[in-house]
Structure formats: C-alpha cells, structure tokens
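Indexing begins at 1, ligand by ligand and atom by atom, following the structure's order. Here, residue 1 is the first one in the sequence, and each next residue gets the next number.
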Amino acid sequence: MNIRRTATRALLLLATWALAAGAMAQPAAKPAKPAASAAGPGTQYSAKGADTCISCHDEEMDTASFTMTRVFKSKHVQRGNKHSPFGPGGLQCEACHGPGDRHSDKNSNAKLTINSQKPDSFMTVAQRNETCLACHQNSSRTGWHVGAHNSNQLACADCHKVHAERDPVMTKRNEAEVCYTCHKQQRADFHKGSAHPVRTGQMSCSDCHNAHGSTSTASLKKPTLNQTCTSCHADKRGPLLWEHAPVAEDCSSCHQSHGSPRPALLTKSTTQLCQQCHSAAGHPSVARTASSLPGLTPAPGGNTTLGGSVFLLAGGCTNCHSQVHGSNHPAGAKLMR
Ligand code: HEC
Ligand code: HEC
Ligand code: HEC
Ligand code: HEC
Ligand code: HEC
Ligand code: HEC
Ligand code: HEC
Ligand code: HEC
Ligand code: HEC
Ligand code: HEC
C-alpha cells in the first residue's frame, strides 16, 4: 500500500516537474487562460467522490498548518443533511474543490486542475469564493459584494479554516487573532488601558462588525454607529427629557470604539473633551481655560491659578455635569442630575 503510493507519488512528482519545466519556458503563464491541454479545472466529477480523493490524499498529507482528515469531524459533515457536502447526493470534497475527475488522473497537473481554495491558486478569488457562496448566499452575506473585504480581494478561506475540526474564526475567543493577522493597529488598541473586553474573550469583533460586509460605515452590524452601541448600552439610548445633543448624534464624538489610554474609552480627557464644543466663559471652568490652555484670554478678574479650578480636578466637568449622556430629572437641564 505504502509502496504503491510512493511509486504513484514519484510518478506525479515527475509529471509535475515536467509541467513546471514547461511553465518556465513560458513564464508569463496567464492564470485566467491556461493552456487547455495542461491546465484549467475539469468539468467532470469523479465517479467515487471522496473515496477517489482520499486514495491519494490522507493524513500523510497533514502538516502543522493543515489537517486533511479533520474535515470529516467538522460541521460540514452531516450525513442526514441534504445541504451538507457529505449529505445525501452531496458532492463531498468536490462541493468545495470543484469537479476533480481530471485532477484525479495521475497524469494531470495536480496544481492546475483543481480549485485549491488557497492564495497560490491559478483561479481568481471570485472563482474560488463562488463554490462557497453557492451554498452560503444567505442573509448574513448579503453585504459581501459591497463589503470592504470583498473589494479588497479577500477569500473566504483567508478567515475560515474548514478543514479544522473547529474553525478558529467561529470561536469568540479565537476570532480576534484571525483578524489581527491583517489588522495590527486594532490589536494594539484592544490592549490599551480602557478597552472593550475583546482581549479576555468576553467580546469579539463580530459583536459590532459583520466580517462579511454590510452597507453601514465600517461594516457595522447595525445601520448606524449609535444603534450598534446602544444594542448593548441600552441605557444610553433616548429619548430622554434632557438630551445632550452629541450623545444622540454620535457616541464617537467622545468615545473610541476599540480602546483608549484614557478612562471610559474617552477620546480626550474630560475638560478638553468638553471644551472642544463648549466655551467656558462665565463658568467654573474658566480658570482652567485661562491658565492652562495657551492662546486663550485670561479669566475675568485675572485668575491665573495654575491647574485650574479645584472643581475640575479628577472628573473635570463631569464632577458637576454628571449626567453627560442626558437626564430624565425634571431639573436636569444642565445635565447635573
Ligand atoms: C492520483 C492521486 C490524486 C487523486 C486521486 C487526487 N489528488 Fe488531489 N493532488 C494530488 C497531488 C499529487 C497534489 C499536489 C500536492 C502538492 O504538490 O502539494 C494534489 C493537490 C490537490 C489539491 C491542492 C492543489 C494546490 O494547488 O495546492 C487539492 C485541493 C486536491 N488535490 C484535491 C483533490 C480532490 C478534491 C480530489 C478528489 C476529487 C483529489 N485531489 C484527488 C494527487 C491526487
Ligand atoms: C467545505 C469545503 C471543503 C470541503 C468539503 C473539503 N475541502 Fe479541501 N480545502 C478547502 C479549503 C477552503 C482549503 C484551503 C486551505 C485552508 O484554508 O484550510 C482546502 C484545502 C485542501 C487541500 C490543500 C492542502 C494544502 O495545504 O496544500 C487539499 C489537498 C484538500 N483540501 C483536499 C480535500 C479533500 C480530499 C476533501 C474531501 C475529503 C476536501 N478537501 C474537502 C475546503 C474544503
Ligand atoms: C454543499 C454546500 C456547502 C458548500 C459548498 C460549503 N458549505 Fe459551508 N456549510 C454547509 C452546511 C450544510 C453547513 C452546516 C450548517 C449548520 O450547521 O447549520 C456549513 C457550515 C459552514 C460554516 C459554519 C461552521 C461552524 O463551525 O459553525 C462555515 C464557516 C462554512 N460553512 C464556510 C464555508 C466555506 C468557507 C466554504 C467554501 C470553502 C463552504 N462553507 C462551502 C454547506 C456548504
Ligand atoms: C474577514 C474574515 C471573514 C471572511 C473573509 C469570511 N468570513 Fe465567514 N465568518 C467570519 C466570522 C467572524 C464569522 C462568525 C460571525 C458571527 O459569529 O457572527 C463568520 C461566519 C460564517 C458562517 C457561519 C454563520 C453564518 O453566517 O451563516 C458561514 C457559513 C460563513 N462565515 C461563510 C463565509 C463565506 C462563504 C465567505 C466567503 C464568501 C466568508 N464566510 C468569508 C469571518 C469571515
Ligand atoms: C487577509 C487580511 C484580512 C483579514 C484576515 C481580516 N481583514 Fe478586515 N480588512 C482587510 C482589508 C485589506 C480591509 C480594507 C482596507 C482597510 O480598511 O484596512 C479590511 C477592512 C476591514 C474593516 C473596515 C470595513 C469598512 O467597511 O471600512 C473592518 C471593520 C474589518 N476589516 C474587520 C475585520 C474583522 C472583524 C476581521 C476578522 C473576523 C478581519 N477584518 C479580518 C483585510 C483583512
Ligand atoms: C464595540 C464595538 C466594536 C468592536 C468590539 C470592534 N469594533 Fe471595529 N469599529 C467599531 C466602530 C464603531 C468603528 C468605526 C469607528 C469610527 O468611525 O469612529 C470601527 C472601525 C473598525 C475598522 C475601520 C478602521 C478604523 O479603525 O476606523 C476596522 C479595521 C475595525 N474596526 C476592526 C475591528 C477588529 C479587527 C475588531 C476585533 C479585534 C473590532 N474592530 C472590534 C466598533 C467595534
Ligand atoms: C456587544 C455588546 C457591546 C456593544 C455593541 C458595545 N459595547 Fe461598550 N461595553 C460592553 C461591555 C461588555 C463593556 C465592559 C463593561 C465592563 O467592563 O463592566 C463595555 C464598556 C464600555 C465603556 C466603558 C469602558 C471603560 O473602560 O469603562 C464605554 C465607554 C463603552 N462601552 C462605549 C461603547 C460604544 C461607544 C459603543 C459603540 C461603538 C459600544 N460601547 C458598543 C459591551 C458592548
Ligand atoms: C459628550 C461626550 C459623550 C458622548 C457623545 C457620549 N459619551 Fe459616554 N461617556 C462620556 C463621559 C465623559 C464618560 C465618563 C463618565 C464619568 O466620568 O462619569 C462616559 C462614560 C460612558 C460609559 C461608561 C460609564 C457608564 O455610564 O456606563 C458608557 C458605557 C458610555 N459612556 C456609553 C456611551 C454611548 C453608548 C454613547 C452614545 C449613545 C455615548 N457614551 C456618548 C461622554 C460621552
Ligand atoms: C461634540 C460637541 C460637544 C461635546 C464634545 C460636548 N458637548 Fe455639551 N453640548 C453640545 C451641544 C450641541 C449642546 C446643546 C446646546 C444647546 O442646546 O444650546 C450641548 C449641551 C450641553 C449642556 C446643557 C447646556 C444648556 O444650555 O442647557 C451641558 C451642561 C453640556 N453640554 C455639558 C457638556 C460636558 C460636561 C461635556 C464634556 C463631558 C460636553 N458637554 C461635551 C455639544 C457638545
Ligand atoms: C463646580 C461645578 C461645575 C463644574 C466643574 C462645571 N460646571 Fe458647567 N455649570 C455649572 C452650573 C451650576 C451651571 C448652571 C449655570 C446656570 O444655570 O446659570 C453650569 C452650566 C453649564 C453650561 C450651560 C451654559 C451656561 O453657561 O449656563 C455648560 C455648557 C457647561 N456648564 C459646561 C461645562 C463644562 C464644559 C465644564 C468643564 C470645562 C463645566 N461646565 C464644569 C457647574 C459646573
């Protein structure tokens, strides 16, 4: 058995080498239109399905990064489910890899006759994804074609490992690691002092984003940023008796979404944060404005106390205006109760 396989391998290696040598003479081999005789996926499915495939592909092909036979333990194998590749009438391996009769001929060029679903494939990303979408074109991927990942040529298999018993990206705790392989800045953000608890596995990127794309900014799950936030922070959703305009408009005018070195994910420390929009004339915050921010007129009465009003220590403006998200108290007009 092993001897026969080794012999077959040797033959295949020779065949592959011969073709590779051929390809070298003609270096600009166009992936889209390979020479008909040597390349291009077949159109016929193999007569014996997976049995044909595993006659050559078995656990001996397992490497550290890839496990062939685990696919049989994955969610794709549901013998009673007619939608499963391995269900009644299913095309088995070829449901994802396309017709493989030609590839299964040991004289064919193994790399140029099958949809490998891998980045080095001769097939385009769109062609590779097509086989997955044939079964998975449901509601959670309606945004795929307009999404940033599709327009940046991501393949389904860039995130999904379907040969794994458990696809890492499908586990809340492991999902972010998959995303961080490309989104390095986000890894740094989620390690800052104040951050949504993604690092501990309590939350994942897909709590806020649809990785498949959506019509919202930044592929958010909900139609707007605020709706995304208030889907968990319902207490910050109006209507309130006294609203604070920027809260109802855009949480991100004060908060980072991922992480911040300041408490409560704030974009700036509170005094500066508030004074982006509010002048402090005639108000307890005047002292700070006058003394610690350059370029501003001195406070009335010439108060030049360094460090500003004692009322602005620690919590800053929110020492008094504690209901910064709005108030339901009859006397809460100034967001103090
Ligand atoms: C006669 C033996 C043989 C049979 C039968 C066979 N393959 Fe292959 N297959 C190979 C060899 C050899 C390679 C190249 C391996 C390499 O170079 O890493 C390969 C490569 C592949 C690849 C990866 C291609 C790439 O570009 O990396 C896939 C996917 C694949 N086979 C799927 C299948 C499927 C599905 C079937 C059943 C329809 C099948 N194979 C049947 C021998 C076979
Ligand atoms: C649900 C879809 C799906 C099914 C079913 C499936 N595969 Fe795959 N296969 C993939 C994807 C996607 C990849 C790309 C590698 C990766 O990201 O895991 C792949 C990769 C491969 C490779 C290339 C491995 C390498 O790293 O060179 C081989 C060979 C292969 N599959 C053979 C098979 C065989 C044989 C079967 C049936 C027993 C099968 N596949 C069933 C989706 C599938
Ligand atoms: C023949 C149809 C078919 C094809 C082709 C197919 N799938 Fe699936 N897929 C299924 C079925 C059925 C399930 C199980 C759904 C369930 O459990 O509700 C599934 C489940 C999944 C899941 C969820 C797994 C989990 O752990 O919950 C992912 C992710 C997935 N498929 C990705 C892919 C990718 C990527 C491809 C292409 C490489 C692909 N599928 C090709 C039918 C298919
Ligand atoms: C950028 C990474 C990424 C890419 C690319 C990607 N997915 Fe997903 N996919 C995910 C994540 C994350 C989840 C889990 C989402 C969740 O739990 O809400 C998921 C879930 C799924 C599921 C199971 C739940 C469901 O929505 O039905 C299927 C099936 C699936 N993806 C198929 C695909 C297909 C098909 C493609 C290619 C067209 C694809 N994915 C491309 C990240 C990705
Ligand atoms: C293979 C690389 C890759 C992986 C893996 C990846 N992304 Fe992306 N992602 C990109 C590229 C490329 C873009 C577009 C350019 C950019 O905005 O950086 C993008 C854009 C985004 C955007 C902005 C979308 C928009 O509409 O502006 C979000 C959100 C995102 N990715 C989330 C995720 C999540 C969540 C995951 C993990 C489930 C993930 N990405 C995995 C490459 C990747
Ligand atoms: C609490 C919700 C939330 C979580 C969790 C989350 N994001 Fe975001 N993300 C957002 C929002 C909101 C934006 C839009 C930011 C803006 O417009 O101010 C965004 C923007 C992005 C962007 C676009 C570039 C940028 O920074 O504006 C990428 C890429 C991204 N997120 C990736 C990720 C990744 C990767 C994860 C998981 C590691 C993740 N996000 C987790 C809410 C979230
Ligand atoms: C999926 C649920 C979820 C969504 C969506 C969500 N959050 Fe959170 N948020 C949390 C959890 C969980 C915590 C941590 C609470 C804790 O540690 O007690 C948190 C904490 C916070 C904190 C306090 C952080 C700190 O360090 O004290 C702020 C501010 C915040 N979220 C703002 C937002 C904003 C803005 C959005 C929208 C971009 C948003 N959240 C979306 C679940 C969510
Ligand atoms: C005008 C600036 C501003 C806007 C806009 C804003 N916040 Fe805040 N938020 C703050 C400040 C300041 C704190 C810190 C509160 C403190 O120091 O007592 C805070 C704290 C939080 C906290 C943690 C403490 C708590 O009250 O639970 C959450 C969660 C939060 N904000 C969510 C949101 C959400 C969701 C939105 C959008 C609907 C939003 N914020 C809009 C300024 C703002
Ligand atoms: C993005 C701009 C913006 C930021 C940042 C901002 N505010 Fe406001 N704030 C407004 C607007 C707009 C109004 C409504 C003004 C009006 O109705 O005349 C308002 C109203 C108020 C009011 C009620 C004023 C009144 O006359 O009834 C108070 C108090 C207040 N803000 C305090 C704060 C504090 C404290 C912070 C910092 C935590 C802050 N604001 C940050 C824009 C902002
Ligand atoms: C020591 C308590 C205290 C602190 C600290 C404080 N305020 Fe006030 N603020 C008040 C009071 C009291 C009023 C109501 C004045 C009135 O009704 O005439 C007020 C009113 C306001 C108003 C409404 C406009 C007005 O003048 O009536 C705004 C806007 C405001 N404060 C912003 C801020 C900002 C921004 C900060 C931080 C830089 C801040 N406050 C710090 C007590 C405080």
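Close contacts of ligand 9 with Leu335, meaning ligand atoms under 4.0 Å from a residue heavy atom, involve 22 (C), 28 (C), 30 (C).
Taking a distance limit of 4.0 Å, we find that atom 1 (C) of ligand 9 is approached by some protein heavy atom. Contact annotation for atom 16 (C) of ligand 9: protein absent (non-hydrogen atoms, distance under 4.0 Å). Shown here, atom 26 (O) of ligand 9 is in close reach of the protein: a heavy atom of it lies under 4.0 Å off.
The nearest N/O/S atom of His97 to atom 8 (Fe) of ligand 2 is NE2.
Compare Cys96, Ala50, Gly90 by their heavy atoms: the one nearest to atom 4 (C) of ligand 2 is in Cys96. Residue nearest to atom 37 (C) of ligand 9, selected from Pro246, Gly332, Ser327, Cys274: Cys274 (by heavy-atom distance). Here atom 11 (C) of ligand 2 lies nearest to Gln117 when heavy atoms of Gln117, His76, Gln92 are compared.
Separation of atoms CD (Gln117) and SG (Cys96) is listed at 6.5 Å; rounding is to 0.5 Å.
At least one N/O-N/O distance between His57 and ligand 1 falls below 3.5 Å. For ligand 1, the polar-atom distance check finds an N/O of Lys118 within less than 3.5 Å of one of the ligand's N/O atoms. Considering backbone and side-chain N/O of His163, one or more are found under 3.5 Å from N/O of ligand 2. In terms of polar-atom proximity, defined here as any N/O pair under 3.5 Å, His103 does make such a contact with ligand 1.
The angle His244:NE2 - atom 8 (Fe) of ligand 9 - His278:NE2 amounts to 180°, with values rounded to 10 degrees.
Under a 4.0 Å heavy-atom criterion, Ala95 is not in contact with ligand 2.
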